[in-house]
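All values reported here derive from a predicted model rather than from experimental measurement.
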Amino acid sequence: MPALGAGELRQYAVRRREHTVVVIALSVSAVVVVLLTVGFWAFFVHTLSDPGSPGLVGMRIDGDTVTVKSGQCPQDRVRRVEVWDGDRERLVWRGDRPLTEEGRRGLLPLWDGKAYRASSPAGPPSELPATLDVAVDHGPVYGVSEVFDIAEVRGAVLPPGSYWTRQGVRTAEQLDGVPDCGNSSSP
């Protein structure tokens, strides 16, 4: 093999450095792309698993009266409440557009047609299902829902103004304090 001259050695060294720089740049780019992909995946999984509000929903049963309290931010208003038979997955009752300010702020009497602009059916079932899935719609941005074991709610000792939640007994103020309202202050 013939010996390389000084000019050729310099060109070889420059090409070798360029090659090393390109390999390093491609490696770093690949690592950045992988990290960004994992980051976006984690962000979207988190966003989709908790779409808007981590609000709680509470329930109390006083005789034949069933009341739900939906925790919400001060600026939010309830648009609709739906009650589903948790076992059969069928709609049991729906109330649209609460008429009172208390109702719009999340204090929702179920099966009380006079408290809503529209509701169906007019009265409660003769016997409540074993589980009720209550969904509260706060508009196009978010809603909250909870599944209640009716025997558990009936068995709970609830002071006035308190509701049974999956996290135990809570007052209306405590329920409204749960959602992350950004810069808003809870009432």
May I have the list of side-chain donor-acceptor pairs in residues 143-157 shorter than 3.5 Å, sequence neighbours left out?
unit_1: E146; atom_1: OE1; unit_2: R166; atom_2: NE; d: 2.6
unit_1: D149; atom_1: OD1; unit_2: A151; atom_2: N; d: 3.0
unit_1: D149; atom_1: OD1; unit_2: E152; atom_2: N; d: 3.2
unit_1: E152; atom_1: OE1; unit_2: W164; atom_2: NE1; d: 3.4

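For D62, the CG atom counts as densely surrounded, since its 6.0 Å shell holds more than 12 non-hydrogen atoms of other residues, nucleotides or ligands. For E82, the CD atom is densely surrounded, since the number of other residues' heavy atoms within 6.0 Å is greater than 12. With a 6.0 Å radius and a threshold of 12 heavy atoms from other residues, nucleotides or ligands, E89 has its CD atom at or below the threshold.
L91 forms part of a hydrophobic cluster together with W84, judged by ILVMFWY side-chain heavy-atom separations under 4.5 Å.
With rounding to the nearest 0.5 Å, the separation of CG in L175 from CD in Q167 is 9.5 Å. With values rounded to the nearest 0.5 angstrom, D176 atom CG is found 8.0 Å from S70 atom OG. Here the straight-line distance linking atom CZ of R88 with atom OG1 of T131 works out to 10.5 Å at 0.5 Å rounding. With rounding to the nearest 0.5 angstrom, the CG atom of L110 is 9.0 Å from the CG atom of L128. Distance CD/E102 to CG/L99: 12.5 Å, rounded to 0.5 Å.
Here the shortest heavy-atom pairing between P98 and R79 reads CD-O, 4.2 Å. The two residues V92 and P129 come nearest to each other via the heavy atoms CG2-CG, 4.5 Å.
Counting only distance, with no hydrogens or angles, the side chain of Y163 and the backbone of T67 share no donor-acceptor pair below 3.5 Å. No donor-acceptor pair closer than 3.5 Å links the side chain of R170 to the backbone N or O of S162.
In this structure, R105 and R77 have side chains that are in contact, with non-hydrogen atoms separated by less than 4.5 Å. Residues V78 and L108 have side chains in contact (heavy-atom distance under 4.5 Å, counting atoms from C-beta outward). In this structure the side chain of V169 reaches within 4.5 angstrom of the side chain of P159, judged on heavy atoms.
Between W111 and W93, the angle of the ring planes lies from 30° to 60°, which puts this pair in the tilted group.
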